[in-house]
Structure formats: C-alpha cells, structure tokens
Amino acid sequence: MLWFKALHIFFVISWMAGVFYLPRIFVNLAMETNDVATQRLLTMARKLYRFSMWIAVFAVTAGAILIYMQYGWQMPHWLHAKLFFVALLVGYHHACGPLLRKFENGTNQRSHKWFRVFNELPVFMMLAIVLLVVLKPF
C-alpha cells in the first residue's frame, strides 16, 4: 500500500505542476502579439496538456487503488468530499483543452485578466483536497 501511496503523491504533484502552469501559458498567449513567440507558447501548451493528461490518469488510478485497498466500498464522508474536488480538478483540466484549441485556431476572445483568474481556481481546489486529507473533518 505504501508503494501506491508514494506513487499517488508523486503523480499528483506532477499533475498539479501541469494544471498550475498550463493556464499561466494561456495568460502569456492572451498577451502575446509576436507570431514566433505565440507559436513557441502554443507548442509548450500542447505538450504540457498532453503530458499532464497522462499524469492525471496515473494519479487518479493510483488514488482509486489506494481507496479500494484501504476502504473498499465503505468510504468515509471526508473522502466523498475529496473526490468531489478531484472531479472538479479533472473537469478543470479537461476545460483547458477547448481553451487551447481556441488559441490554436486564433479564436480566443478572453483577456489575459480572465486567464489570470482562471489560473487561480485549481489552487483553491487543491487546498480543499489537502485540508480534507490531513484534517479528515467528518
């Protein structure tokens, strides 16, 4: 079980690095006017999105194995809340795909300020997850 816990922590940290950085690239894309720099940022965003999506699969899989090994089907209430926030993070990550395609197609209409706010959302989701796991409030 400790192996799965270590792998889960590793994959979650790696996934969160991608989830935190990809929208930051979107901020830069929304501000960029140079075509060469835009293409470089798009390449970075594409690669990061693809890579972090696979890391997310490994993080969720390792987490699901941990849940089953420790709790079976009788999960505590705090874990239900944690899984709600994990689902929000997965949805957030998936929402980055269409945003990236809009940049690739040159159809993005959102400002860099909008992306700055969007960039902060996973921080609060991650904070909720960490608090639930550490404090186990219910």
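We're numbering straight along the sequence, starting at 1.
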Transitively linked via ILVMFWY side-chain contacts under 4.5 Å: [X] with [Y]?
{"X": "F10", "Y": "M1", "answer": "no"}
{"X": "V57", "Y": "F11", "answer": "no"}
{"X": "V60", "Y": "Y92", "answer": "yes"}
{"X": "V117", "Y": "V27", "answer": "no"}
{"X": "F124", "Y": "V86", "answer": "no"}

Look at atom [atom1] of [X] and say whether more than 12 heavy atoms of other residues, nucleotides or ligands are closer to it than 6.0 Å.
{"X": "F51", "atom1": "CZ", "value": "no"}
{"X": "E120", "atom1": "CD", "value": "yes"}
{"X": "W54", "atom1": "CH2", "value": "no"}
{"X": "H77", "atom1": "NE2", "value": "no"}

Got a donor-acceptor contact below 3.5 angstrom from the [X] side chain to the [Y] backbone?
{"X": "Y49", "Y": "M44", "value": "no"}
{"X": "N119", "Y": "F115", "value": "no"}
{"X": "H8", "Y": "A59", "value": "yes"}

From [X] atom [atom1] to [Y] atom [atom2], the distance as rounded to the nearest 0.5 Å:
{"X": "L29", "Y": "M31", "atom1": "CG", "atom2": "CE", "result": "10.0 Å"}
{"X": "L66", "Y": "L79", "atom1": "CG", "atom2": "CG", "result": "10.0 Å"}
{"X": "L41", "Y": "L100", "atom1": "CG", "atom2": "CG", "result": "11.0 Å"}
{"X": "N108", "Y": "R101", "atom1": "CG", "atom2": "CZ", "result": "13.5 Å"}

Check whether any side-chain heavy atom of [X] lies under 4.5 Å from a side-chain heavy atom of [Y], and answer yes or no.
{"X": "I129", "Y": "L89", "result": "yes"}
{"X": "T43", "Y": "R40", "result": "no"}
{"X": "K136", "Y": "L132", "result": "no"}
{"X": "W78", "Y": "L135", "result": "no"}
{"X": "L42", "Y": "I25", "result": "no"}
{"X": "F58", "Y": "S14", "result": "no"}

- [ ] Report the C-alpha separation of M126 and V130 in whole Å, then their side-chain angles, then the decisive distance to 0.1 Å, and conclude whether the side-chain contact (heavy atoms from CB on, under 4.5 Å) test is met.
- [x] CA-CA 6 Å; M126 188 66 186; V130 169; 4.1 Å; yes
- [ ] Could you tell me whether F26 and F103 have their ring centroids closer than 6.0 angstrom?
- [x] yes
Of the non-hydrogen atoms in [X] and [Y], which two are nearest, and what is the gap between them?
{"X": "I67", "Y": "M75", "answer": "CG2-SD, 3.6 Å"}
{"X": "C96", "Y": "P23", "answer": "SG-CG, 4.4 Å"}
{"X": "M53", "Y": "H93", "answer": "N-CE1, 3.5 Å"}
{"X": "S52", "Y": "W15", "answer": "O-CD1, 3.6 Å"}
{"X": "W73", "Y": "Y68", "answer": "NE1-CE1, 3.7 Å"}
{"X": "V19", "Y": "P122", "answer": "CG1-CB, 3.6 Å"}

Open item on the list: Using the ring pair (Phe, Tyr, Trp, His ring centres under 6.0 Å) criterion, which residues pair with F20? Sequence neighbours excluded.
Closed with: none
Task: Step-by-step side-chain contact (heavy atoms from CB on, under 4.5 Å) determination, F118 to L99 - done: CA-CA 11 Å; F118 182 75; L99 294 172; 3.7 Å; yes
TODO: Show the numbers, then the answer: is there a side-chain contact (heavy atoms from CB on, under 4.5 Å) between T33 and T38?
DONE: CA-CA 7 Å; T33 57; T38 297; over 6 Å; no
Task: Within residues 105-119 or reaching into it, pairs that qualify as salt bridge (charged side-chain N to carboxylate O under 4.0 Å, His left out) - sequence neighbours excluded - done: none
Task: Fellow cluster residues of I13, listed by chain then number, with links counted only when side-chain atoms sit under 4.5 Å apart - done: I9
